[in-house]
Amino acid sequence: MPNSRQRELPKQYDPSKTEPKWYRWWEENGFFHSEPDEREPYSVVIPPPNVTGVLHMGHMLNNTIQDVLVRRARMMGRNTCWVPGTDHASIATEAKVVRRLRERGISKADLSREEFIDHAWEWTEEHGGIILQQLRKLGASCDWERTRFTMEEELSESVTECFIELHRQGYIYRGLRMINWDPEAKTALSDEEVIHKDVQSNLYHIRYDVKGSDSGIVIATTRPETILADTAICVHPDDPRFSEFAGGTAVVPLAGREIPIIADDYVDPEYGTGCLKVTPAHDVNDYEIGLRHNLEVIDMLNADGTLSGVAGRFAGQDRFDARKSIIKDLKDEDRLEHTEEISNKVGYSERTDAVIEPRLSLQWFCRMEKLAGPALKSVMDGEVMFHPEKFKNTYRHWMENIRDWCISRQLWWGHRIPAWYYGDGDEEYVIARTPKEAIGLATEKAGRNITEEDIHQDEDVLDTWFSSWLWPMTVFGGLKDPENREIRYYYPTNDLVTAPEIMFFWVARMIMAGYFFRGQQPFSNVYYHGIVRDSQRRKMSKSLGNSPDPLELIEKYGADGTRAGMLFSSPAGNDLLFDPALCEQGRNFSNKIWNAFRFLHMNMDGQNPPAPDHSPPPSGDAAEAWIDSRIEQTIAAMNEDFDRYRLNEALQKIYSLVWDDFCDWYIEVIKSDQPGEKIPRERLARALGHFEKLVRLLHPFMPFITEEIWQQIAPRNTKEALIISDWPANNPDRIDKEAIRRFRDVQQITSAIRNIQAEMSLSPKKELTLLLRPQDKQRETELNEMKWVFRKLLPVARLAADCNASKPPACASAMIGQTELWIPLEGIIDLERERSRITKEIENAEGFLHSVRKKLSNRQFVENAPDAVVERERQKERDAESNLGKLKMTLSEIDHPSS
RNA sequence: GGGCGCUUAGCUCAGUUGGUUCAGAGCACCUGCCUUACAAGCAGGGGGUCACAGGUUCGAAUCCUGUAGCGCCCACCA
């Protein structure tokens, strides 16, 4: 191991000195790597980031959570395998490549498919892996030997196999459907890739001439440019206003084309003018109407969103320019009756933010309804568990209304569709892995000799998600060889960590694919974390400049501090309101841990430090029994939090155990009396034992600092690294609740005394006489046994606990539970301050007593509530009365000191 | 338009089957301290009508109904 024992430790912990060192060491020693063996596996597949992406805050959160889960599982003895990798991200990467080429003055259209793909690979090789490199800085303990890429050969072959199998079973079909067209990327999109936004639009009322009518008919539309592709006017069959028009003929303005006026009860007579223009090629509803009424379909849009030749003199104009020109022309012709401002929903491309055009198009689809069945059931039955559970509702709603998935994209970067056409048109095709296979199949199918010249492969590629939905299987080779040792060992994976926004894109589809191909869920748990936002709840974005650079954060606060910061305020399912102050808190915590270590280190004999002692606390040592019990309590509570995927709560518990219990109380108690004097060896061994456990509990959250410290305190005969050491065993039988209570009494009395010190403006060095009058003999004994603890925590000159004591004159006093505390302060006591302190306490006690009595004076309560509850109230009343009496006595003695 | 969820301290959030001082934690804030591990620290302190209005109950932050505000998901009303 690279560390050498240092003599002098710096006061401040410096992560830059330790983090790279330990990461390299872990990796070189193969601690991240997994091979199937006889142990129970624990596997996680990374949500593969875009291969050309860089690390952002979302990745930081996502991977921190995964690493915490993975590291804990590893410490629990599971054969832990976290598979990293990247996604080719078809449309996103292609857009980036196109942009980069454009910057170099190259247009995509000038390149052949092969040339473009070469550029994309170049970009991928240049960029790919940057993000994975960055994840190492965060401490992610991925099995890098297993790094996969969705476009690598094996995974690509798996995608083809998947397509072939789904096609063979009739799930995949090719069809002419209304799809979402992105004119920017010039491709079809799935429904999920369309984001509906509320926008202010104009609803134009446009008058069409009607044959045989002077008035014409007025329709309302938000997309006036589409009138050029109108093939009907539609009214409601029962609308008396238009009954005379139905069956007539209208004339499309500007185009002069004659179209029928039809009646269909799809029309809402209340909306707009009650009269609808029908454009079957550019609107889903219109398309449906068109089918019912056998209407002509006129496509007036080019792929890039400009108007096609059908648009006559508007041809070539962009759709939005055309809208303006058409409105102007309609105005000139006096056909624009009215313009109404409305708010409506417009679909935008998730990737390019272009306004989506509904378009009739020949595409490949995957039938989803049957696939969805088992996937829905498994989540409802809890075979796949969602954390938090509320996302089950969202999931169910989507799955119950699932629609076919448009899987073809008119892009070049991606998995090519394995369809081969051999006829003149697009009608005749075969599905095949290779041209050779295609020729064979085509020859067979066509009953004639098909040669290489006769076939051509489908130009389209598959939706990116058509490869990522196989990810948990393909990373283990489970599609190519469903019986291989790896997939059988690691599948189903255990936990998937992701954001709810890709539940439909990815999670749901992985579950469907998992059941379809393996009859088994791809993972057992899905942990949904929120979006990382800034402290004002704004989404992090480049343009707002509110997104910190993750690597700068790591540099500034350390990976440990940053990780802790990310987790502090990140309950599962909630958005993370990121504030660098959280990372600062994390860094401060690192420093606190470091200084606790420094304290122990200073007490260690450099040559021969004791081994951490984990044996049960010796009887009669209140402080040892207490801290040991607190640690056991915390282990149990943290395990419960982990079971419920409440990582932030587990972190908060260990944070508080380390900072509050261990540092603020335990260390103070075990300090030697004399400065410079080392604490006894046995005590140090116990302290190291506790601390070593704390370090192990902290490791999943803060891996670097804990490894650094552990290497210096761990007994030589254990594992060589913290990362593969054991998660602390839980011994609930070691929890001594009485010890905790006893120590809490000490803490409360100590705080009460410190409060007096503060309120009386006493110097914390001023020595005090402490007189305690506990409620009974048992407490008296306990407190007397704890004298040494008080002496560590307070400047005690004399301390006596006596349940028969009486109050001396001129003292400050306090009540702690039923124990009275007096501090004689003759000559020092400020009676005025003491009076106000006691008066405040009396007010509190009276308020409390009042509420208890009110409850008890309610006959209904006494009669109906369970006896135990009533008895508890009576006890409260008795205690409060007694306390109040004592406080009043104290007050009267302040006013009449002679008594 | 349909569905789901949220509203507790200045901020972010816990609060399980209704009952123990249940009104909590962290951060922030105020006061005092460089006390022999740590000022990236120590000690002490203030702060909330649990969104609002009803109801059920001996008893409600907790269960029910309604209202208001906010958020998310889905959806083909031009």
Side-chain angles (χ1 to χ4, degrees), chain A residues 9 11-13 178 191 196 203 219-223 226 234 266-268 270-279 283-288 342 344-345 347 358 388 390-398 401 500-501 503-504 535 537 557 561 568-571 573-577 579 581-582 584-585 587-603 646 648-649 652 655-656 663-664 667-668 671-672 674-677 750-751 754-759 761 763-765 795 844 848 851-852 855 858-866 868-870 872-873 875-876 880:
Chain A
L9 300 175
K11 273 176 129 179
Q12 290 188 347
Y13 174 64
M178 191 61 76
D191 295 335
H196 295 274
L203 184 61
I219 58 91
T221 181
T222 50
R223 292 159 68 209
T226 61
C234 189
Y266 165 77
V267 179
D268 176 1
E270 303 294 316
Y271 192 89
T273 60
C275 194
L276 180 73
K277 71 183 207 57
V278 185
T279 320
D283 184 279
V284 183
N285 298 304
D286 291 10
Y287 180 65
E288 299 290 324
I342 57 154
N344 68 336
K345 296 271 191 180
K390 64 176 176 183
F391 289 115
K392 277 168 84 169
N393 285 324
T394 313
Y395 179 82
R396 188 188 57 208
H397 190 253
W398 190 75
N401 298 288
E501 44 186 4
M503 186 192 294
F504 307 133
S535 49
R537 261 186 209 287
Y557 303 110
F568 274 134
S569 75
S570 174
N574 283 29
D575 287 355
L576 169 65
L577 268 46
D579 188 328
L582 291 166
E584 197 182 328
Q585 193 189 340
R587 181 205 54 182
N588 293 356
F589 185 40
S590 300
N591 208 44
K592 189 70 183 176
I593 298 164
W594 180 248
N595 276 289
F597 169 60
R598 261 185 84 219
F599 168 77
L600 297 173
H601 188 263
M602 286 168 68
N603 280 283
R646 299 192 158 196
N648 67 317
E649 290 182 30
Q652 272 164 24
Y655 178 85
S656 157
C663 292
D664 288 348
I667 286 186
E668 292 306 320
K671 272 183 181 169
S672 60
Q674 298 303 319
E677 184 185 292
T750 303
S751 293
R754 286 172 177 166
N755 174 262
I756 289 171
Q757 286 178 317
E759 302 238 332
S761 300
S763 156
K765 284 176 183 161
N844 284 342
F848 179 62
S851 70
V852 174
K855 210 168 188 179
N858 181 348
R859 219 174 61 218
Q860 306 275 39
F861 170 71
V862 179
E863 281 167 11
N864 294 315
V869 173
V870 177
R872 238 173 0 229
E873 290 301 311
Q875 184 61 44
K876 279 200 260 175

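Remember, predicted model here, so these are calculated numbers, not experimental data. Below, read A as the first sequence line, B as the second, and so on, with proteins coming before strands; counting in each chain starts at 1.
- Rounded to a whole angstrom, the distance from the C1' atom of G3(B) to that of A78(B) is 24 Å.
- Contact annotation for D579(A): no contact, since no heavy-atom pair falls under 4.0 Å across all strands.
- Note: CG (L576(A)) to C1' (C27(B)) measures 14 Å, nearest angstrom.
- Counting any heavy atom pair closer than 4.0 Å across all strands shown, R646(A) reaches sugar-phosphate atoms only and no base atom.
- Contacts of S590(A) with the nucleic acid, taken as non-hydrogen atoms under 4.0 Å apart, are absent.
- Taking the centre of each ring, Y655(A) and F568(A) come in below the 6.0 Å mark.
- Here, G44(B) and G26(B) have their P atoms 12 Å apart, quoted to the whole Å.
- Counting heavy atoms from C-beta outward, H397(A) and N393(A) have side chains that stay 4.5 Å or more apart.
- Scanning atom types as modelled, no donor and acceptor separated by under 3.5 angstrom connect the side chain of K390(A) and the base of C4(B).
- Using a 4.5 Å heavy-atom threshold, the side chains of K855(A) and V852(A) count as separate.
- Dashed line: the shortest gap from a side-chain N or O of N603(A) to OP1 or OP2 of A37(B) is not under 4.0 Å.
- Taking atom CG of residue L600(A) and atom P of nucleotide U36(B), one finds them 18 Å apart after rounding to whole Å.
- The side chain of N393(A) lies closest to C4(B), out of C4(B), G26(B), C38(B).
- G46(B) and C30(B): their C1' atoms are spaced 7 Å apart (whole Å).
- Here N864(A) does not reach the OP1 or OP2 of G59(B): none of its side-chain N or O atoms lies under 4.0 Å away.
- Residues I593(A) and Y13(A) fail the side-chain proximity criterion, which asks for heavy atoms closer than 4.5 Å.
- Of the candidates C38(B), G41(B), G19(B), G19(B) carries the atom nearest the A865(A) side chain, counting heavy atoms from C-beta on.
- For the OP1/OP2 pair of A37(B) and a distance below 4.0 Å, the side-chain nitrogens and oxygens of K671(A) include at least one atom meeting the criterion.
- Atom CG in D575(A) sits about 12 Å away from atom C1' in C6(B), given to the nearest Å.
- Side-chain N/O atoms of E668(A) and base N/O atoms of A37(B) include a donor-acceptor pair closer than 3.5 Å.
- The CG atom of D664(A) sits 14 Å away from the P atom of A39(B) (whole-angstrom rounding).
- Rounded to the nearest Å, the gap between the P atom of C50(B) and that of G45(B) is 24 Å.
- Below the 3.5 angstrom threshold, one finds no donor paired with an acceptor across the side chain of Q652(A) and the base of A25(B).
- Nucleotides G5(B) and U12(B), compared at atom P, are 22 Å apart to the nearest Å.
- Taking atom NZ of residue K855(A) and atom C1' of nucleotide U57(B), one finds them 13 Å apart after rounding to whole Å.
- Residue Y655(A) has a polar side-chain atom (N or O) positioned under 4.0 Å from OP1 or OP2 of C27(B).
- Between the CD atom of E584(A) and the P atom of A39(B) there is a distance of 15 Å, rounded to whole Å.
- Using a 4.0 Å heavy-atom cutoff across all strands shown, K592(A) reaches at least one base atom of the nucleic acid.
- Rounded to an integer number of Å, the gap from R537(A) CZ to C11(B) C1' is 10 Å.
- Contacts of C234(A) with the nucleic acid, taken as non-hydrogen atoms under 4.0 Å apart, are absent.
- The shortest distance between side-chain heavy atoms of D191(A) and F504(A) does not fall below 4.5 Å.
- When the C1' atom is used for both C63(B) and U56(B), the distance is 8 Å, rounded to whole Å.
- Going from atom CD of E649(A) over to atom C1' of C13(B) covers 9 Å, rounded to whole Å.
- Listed for the N755(A) side chain is no donor-acceptor partner under 3.5 Å among the backbone atoms of S751(A).
- When the P atom is used for both A9(B) and U35(B), the distance is 38 Å, rounded to whole Å.
- Looking at heavy-atom distances under 4.0 Å, P358(A) makes no contact with the nucleic acid at all.
- The side chain of K11(A) contributes no N or O atom lying less than 4.0 Å from OP1 or OP2 of G41(B).
- Here the nucleotide nearest the side chain of N591(A), chosen from G19(B), A40(B), A37(B), is A40(B).
- Of all heavy-atom pairs between T226(A) and T279(A), the closest is O-CG2, 3.6 Å.
- Within the 4.0 angstrom heavy-atom criterion, base atoms lie near I667(A).
- Judged by atom type and distance alone, R587(A) reaches the base of A40(B) through a side-chain donor-acceptor pair under 3.5 Å.
- Remark: the separation of the C1' atoms in U62(B) and G19(B) is 11 Å, to the nearest Å.
- Looking at heavy atoms from C-beta onward, Y266(A) lies out of side-chain contact with V278(A) at the 4.5 angstrom threshold.
- With a 4.5 Å cut-off on side-chain heavy atoms, K592(A) and D664(A) count as touching.
- For P675(A), the listed nucleotide lying nearest its side chain is U36(B); candidates were C58(B), U36(B), C13(B).
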Quiz item: Taking protein heavy atoms under 4.0 Å as touching, what does nucleotides 70-78 of chain B look like 5' to 3' if B marks base contact, S marks sugar-phosphate-only contact and - marks none?
Solution: ---SSBBBB

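- Contact check for W398(A) versus M503(A): no side-chain heavy atoms found under the 4.5 Å cut-off.
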